Amino acid sequence: NANNRLLFLRGAHPGEDGSVRFTLGRFLFRDCENRDHTAEFTAMSGGDWVQQAVAEGLGGGQSLQVPLAIDGGNPTFDNSRFMAINSTSRFNSFEANYRVKTRMMKDQMVLQPSGEWVRRASPSLTKEFLVGLRYFDLTERFDWTAEDIATPAGNEDGQYLIRTDNNMIGMKLGSGNSYDTARWSVGFLGKAGVSLNDATGRQ
């Protein structure tokens with residue numbers, strides 16, 4: 001677009017993308033207090049948020065300039081014909097949890113009007129506890145390129161590349177309650193934890 005001479009990223013609109021989350025669990029045993037003990041592994045990945053923008057000098061000329069507030073007086077990208085930015089953000093999350101959950105109360109035998117006895121589940125308030133480990137990886141990339149920059153030596157191209165990585169690992173605890181019936185349940189689960197984050201940046 002010959003009239004597009006501004007490059008910016010929308011802070012409130014990082015973009016949209018789909019991701020995949022799956023949980024694999026295994027029942028371990030039932031203890032003497034009628035609680036189920038299970039182990040599970042959860043992975044969430046595949047999200048890749050992307051923003052892109054381009055700017056071209058009016059009439060195809062080398063008229064694009066960089067504000068001093070951004071380039072700090074460095075004229076490298078000034079007098080260019082074409083600029084583009086590409087920003088990506090992706091993450092991966094992995095967690096291993098050990099869960100303990102109380103069971104519903106004993107089933108009831110209900111007499112139907114027809115005289116038939118039917119076994120039905122007893123609606124119950126159940127409790128759940130968990131302890132686990134979580135690893136979270138966040139990677140962000142920002143590429144800023146300029147083409148046909150007018151210099152005394154001729155036209156040049158330039159790149160400014162930024163890379164950041166965050167690797168976080170920690171322990172978490174959780175607790176919750178739910179109301180369970182034979183056909184549906186509703187509940188809540190809260191989690192809290194302490195993590196160590198290893199962050200690096202390169203440009």
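Because the structure is predicted, anything quoted here is derived from the model rather than measured.
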Establish, from distance only, whether the side-chain atoms of [X] and [Y] form a donor-acceptor pair under 3.5 Å.
| X | Y | result |
| --- | --- | --- |
| Asp180 | Ser124 | no |
| Arg21 | Thr42 | no |
| Asn197 | Asn166 | yes |

Considering only heavy atoms from C-beta outward, does the side chain of [X] approach that of [Y] to under 4.5 Å?
| X | Y | answer |
| --- | --- | --- |
| Leu28 | Thr38 | no |
| Leu133 | Ile169 | no |
| Glu33 | Val100 | no |
| Tyr160 | Ile162 | yes |
| Ser178 | Glu128 | no |
| Leu173 | Phe129 | no |
| Gln62 | Asn155 | yes |
| Phe82 | Asp148 | no |

Does [X] reach the main-chain N or O of [Y] with its side chain, forming a donor-acceptor pair under 3.5 Å?
| X | Y | result |
| --- | --- | --- |
| Asp78 | Val66 | yes |
| Thr126 | Met104 | no |
| Ser122 | Lys106 | yes |

Search all heavy atoms of [X] against all heavy atoms of [Y] and return the closest pair with its distance.
| X | Y | answer |
| --- | --- | --- |
| Phe77 | Met83 | O-CE, 3.3 Å |
| Ser80 | Ile149 | CB-CG1, 3.7 Å |
| Arg99 | Leu189 | NH1-CD2, 3.7 Å |
| Val54 | Ala84 | CG1-CB, 3.9 Å |
| Phe94 | Ala43 | CD2-CB, 3.6 Å |

Is it the case that more than 12 heavy atoms not belonging to [X] sit under 6.0 Å from its [atom1] atom?
| X | atom1 | result |
| --- | --- | --- |
| Arg103 | CZ | yes |
| Lys191 | NZ | yes |
| Arg202 | CZ | yes |

In terms of the angle between their ring planes, are Tyr179 and Trp184 parallel, tilted or perpendicular, with boundaries placed at 30° and 60°?
tilted
From CA spacing to verdict: salt bridge (Lys or Arg N to Asp or Glu O under 4.0 Å), Asp143, Arg163:
CA-CA 9 Å; Asp143 298 341; Arg163 305 287 185 262; 2.7 Å; yes
Step by step, would you call Ser195 with Arg134 a side-chain contact (heavy atoms from CB on, under 4.5 Å)?
CA-CA 8 Å; Ser195 302; Arg134 185 178 186 184; over 6 Å; no
List in chain and number order the residues that pass ring-ring contact (aromatic ring centres under 6.0 Å, His included) with Phe29, two or more places apart in sequence or in another chain; answer none if no residue qualifies.
His37
One thing to verify: whether Arg141 and Asp165 come together as a salt bridge, which I'm taking to mean a side-chain N less than 4.0 angstrom from a carboxylate O.
yes
Which is it for Glu56 and Arg81 under the side-chain contact (heavy atoms from CB on, under 4.5 Å) test, yes or no, and what are the steps along the way?
CA-CA 6 Å; Glu56 186 175 358; Arg81 180 191 60 82; 3.9 Å; yes
Stepwise side-chain contact (heavy atoms from CB on, under 4.5 Å) check, Arg120 with Asp107:
CA-CA 6 Å; Arg120 290 182 177 175; Asp107 294 346; over 6 Å; no
